[in-house]
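Inspection log for the structure reproduced underneath, given as structure tokens.
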Amino acid sequence: MIIVVLGGMHGFFSPVNAQTGIGTSNPQGILHADGARDNAATGTPTAAQAANDFIISKATGFLGLGVLEPKVKLDMRSVGSENALGLNTTMMSAASAGAGAIRYDVINAPAGAKIEVSDGSVWNKAYVAPQKAVVVARKITSQSITQGSATNIGNWSVVRDMSNSFDANLGVFTAPRDGTYTFLLTFNFNGIVINDGSRVESQFYNTTTNTVLASVYKTFGQSMTGTSDDANATRSTQAGGSSTVTLTLNAGAKVVTRLWHNLISSGAVTLRVTSNSTDPTNPDDGFNNLTIIEH
């Protein structure tokens, strides 16, 4: 082994193995630099020790930054936390750069920072699909809806929230980005004698602008209310329905579902929920649900 001193940095060259080490007397490749000089004199460095190393594989010629056995031409997948690759722009044409070239561009159209890949003719914006919002929630705790008063539906039990966009306690969905969203609400009240010609209104309400974005009505005509045309008989009705709306929302828009009704002349009607949320066969399970899907 030959030891070379360059400005205080020790280099080690092994004519037998044709390997050169910088900062290490135990090179693992044709060229191996130990940035922190923390590798052991013998044996294979640990993954943590190799995280600050630079190596050219003797077997493949591949370059490893922080990895001893690079699997591709440039391999930076070390156990350390700093493995980012820094890019900048180029004014070269896509043809000059060649197919497969990559640049980080903020200058050329379309405006804005972007990663672009050359196909040999044009620079194409690399698109990474975001995690689309999908919310599935159900009611397993009862809630009273006062007659004549639009009431926010809250205290949902979340089955799925793919983008962490739904506040289950408040029942508020926050749009993660500009886009189109479909809301599906199903509702069912506990049985009660309801008024003739009553209705339930499902509202989709923007809590930031305090505006109703969409409303869907479910009407109930003749009911058994005990009048002469009902043969003086009464019968409870479980008022229920479903509402589907598609909304175009800006990023950050907050939407809550609300119910309004005049099923009775005064007081409140409770939503029908299961008495055992762990039993899907319970006859009261699954009547009040909310699904939100981003397109």
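Heavy-atom basis, side chains included; hydrogens, waters and symmetry copies ignored. Position 1 is the first residue of the sequence, and the numbers go up from there.
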Test Arg177 against Glu294 for salt bridge (Lys or Arg N to Asp or Glu O under 4.0 Å), laying out the working first. CA-CA 10 Å; Arg177 62 191 59 84; Glu294 179 185 5; 2.8 Å; yes
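- Counting only distance, with no hydrogens or angles, the side chain of Asn26 and the backbone of Gly43 share a donor-acceptor pair below 3.5 Å.
- For Arg199 and Tyr217, the positive end is not near the middle of the six-membered ring at less than 6.0 Å and at most 45° from its axis.
- In summary, of the residues considered (Lys73, Lys71, Arg77), a side-chain hydrogen bond (donor to acceptor under 3.5 Å, both in side chains) with Asp75 occurs for Arg77 alone.
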Walk me through it: do Val200 and Trp260 pass the test side chain to side chain contact (heavy atoms under 4.5 Å, CB included)? CA-CA 6 Å; Val200 177; Trp260 180 100; over 6 Å; no
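- The closest side-chain donor-acceptor pair between Asn190 and Thr270 falls under 3.5 angstrom.
- Side chain of Asn206 to backbone of Asn210: no donor-acceptor contact under 3.5 angstrom is found.
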Given Thr207 and Lys254, is the side-chain hydrogen bond (donor to acceptor under 3.5 Å, both in side chains) satisfied, shown in steps? CA-CA 6 Å; Thr207 62; Lys254 296 181 181 297; over 6 Å; no
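- In this structure, the side chains of Leu259 and Ser202 come closer than 4.5 Å at one or more pairs of heavy atoms.
- With hydrogens and angles left out, the side-chain atoms of Asn276 and Thr278 include a donor and acceptor closer than 3.5 Å.
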Go through Gln238 and Phe287 one step at a time and tell me if the side chain to side chain contact (heavy atoms under 4.5 Å, CB included) criterion holds. CA-CA 11 Å; Gln238 289 184 338; Phe287 286 94; 5.8 Å; no
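- For the residue pair Ala150 and Gln203, the shortest heavy atom distance occurs at CB-OE1, 3.6 Å.
- Two residues are said to be in side-chain contact when any heavy atoms from C-beta on lie closer than 4.5 Å; Asn289 and Thr291 fail this criterion.
- Using a 4.5 Å heavy-atom threshold, the side chains of Val269 and Ile145 count as separate.
- When atom types are taken as modelled, the side chain of Thr174 and the backbone of Gly252 share no donor-acceptor pair closer than 3.5 angstrom.
- Closest heavy-atom contact between Phe220 and Ala239: CZ-CB, 3.5 Å.
- Hydrophobic clustering (ILVMFWY, side-chain heavy atoms < 4.5 Å, transitive): Val72 and Leu85 are in distinct clusters.
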Check against side-chain hydrogen bond (donor to acceptor under 3.5 Å, both in side chains), Thr246 and Thr182: CA-CA 4 Å; Thr246 298; Thr182 293; 2.9 Å; yes
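- Shown here are the ring-ring contact (aromatic ring centres under 6.0 Å, His included) partners of Phe173, two or more places apart in sequence or in another chain: Tyr181, Phe183.
- By the neighbour-count criterion of 12 heavy atoms within 6.0 Å, atom CD of Glu69 is sparsely surrounded, having that number or fewer from other residues, nucleotides or ligands.
- With contacts defined as side-chain heavy-atom distances shorter than 4.5 Å, the pair Val193/Thr237 does not qualify.
- The backbone N or O of Ala253 sits nowhere less than 3.5 Å from a side-chain atom of Asn250 that would complete a donor-acceptor pair.
- With 3.5 Å as the limit, one finds a donor-acceptor pair spanning the side chains of Ser215 and Glu201.
- Among all heavy-atom pairs drawn from Ala47 and Val79, the shortest one is O-CG2, 3.4 Å.
- Within the 3.5 Å criterion, the main-chain N or O of Thr60 finds a donor-acceptor partner in the side chain of Ser57.
- Listed by chain and residue number, Lys114 satisfy the salt bridge (Lys or Arg N to Asp or Glu O under 4.0 Å) test with Asp105 (two or more places apart in sequence, or in another chain).
- For the residue pair Thr24 and His32, no side-chain donor N or O sits within less than 3.5 Å of a side-chain acceptor on the partner.
- Closest heavy-atom contact between Ala97 and Trp123: CB-CZ2, 3.7 Å.
- A donor-acceptor pair under 3.5 Å is absent between the side-chain atoms of Asn188 and the main chain of Asn288, judged by distance alone.
- With contacts defined as side-chain heavy-atom distances shorter than 4.5 Å, the pair His261/Ser198 does not qualify.
- Within the 4.5 Å cutoff, the side chain of Thr146 has no heavy atoms near those of the Ser144 side chain.
- A cation-pi geometry, defined here as NZ or CZ lying under 6.0 Å from the six-membered ring centre and within 45° of its normal, does not hold between Arg138 and Trp156.
- Note: the hydrophobic cluster containing Leu185 also contains Leu249 (ILVMFWY, side chain heavy atoms under 4.5 Å, direct or indirect links).
- Side-chain contact check for Ile22 versus Leu31: some heavy-atom pair is nearer than 4.5 Å.
- Checked against Leu68 for a side chain to side chain contact (heavy atoms under 4.5 Å, CB included), the options Asn39, Thr46, Thr44 give a single hit: Thr44.
- Taking both residues in full, the closest heavy atoms of Ala251 and Pro176 are given as CB-O, 4.1 Å, listed atom of the first, atom of the second, then distance.
- A distance-only check finds no donor-acceptor pair linking the side chain of Thr211 to the backbone of Leu213 [under 3.5 Å].
- There is a side-chain donor-acceptor pair under 3.5 Å between Asn52 and Asp38.
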One pair to check against salt bridge (Lys or Arg N to Asp or Glu O under 4.0 Å): Arg103 and Glu116. What are the steps and the verdict? CA-CA 5 Å; Arg103 72 179 182 181; Glu116 292 184 322; 2.7 Å; yes
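- By the criterion of side-chain heavy atoms lying less than 4.5 angstrom apart, applied directly or through intervening Ile, Leu, Val, Met, Phe, Trp or Tyr residues, Val256 is grouped together with Val212 in one hydrophobic cluster.
- When the side chains of ILVMFWY residues are joined at heavy-atom separations under 4.5 Å, either directly or via intervening members, Leu263 and Leu271 end up in a single hydrophobic cluster.
- The nearest pair of heavy atoms linking Val158 to Phe166 is CG2-CD2, 3.9 Å.
- Criterion: ILVMFWY side-chain heavy atoms under 4.5 Å apart, direct or through other members. Under it, Val135 and Ile153 are part of a common hydrophobic cluster.
- Residues Gln143 and Thr151 meet the side-chain proximity criterion, which asks for heavy atoms closer than 4.5 Å.
- No more than 12 heavy atoms of other residues, nucleotides or ligands sit less than 6.0 Å from atom NZ of Lys125.
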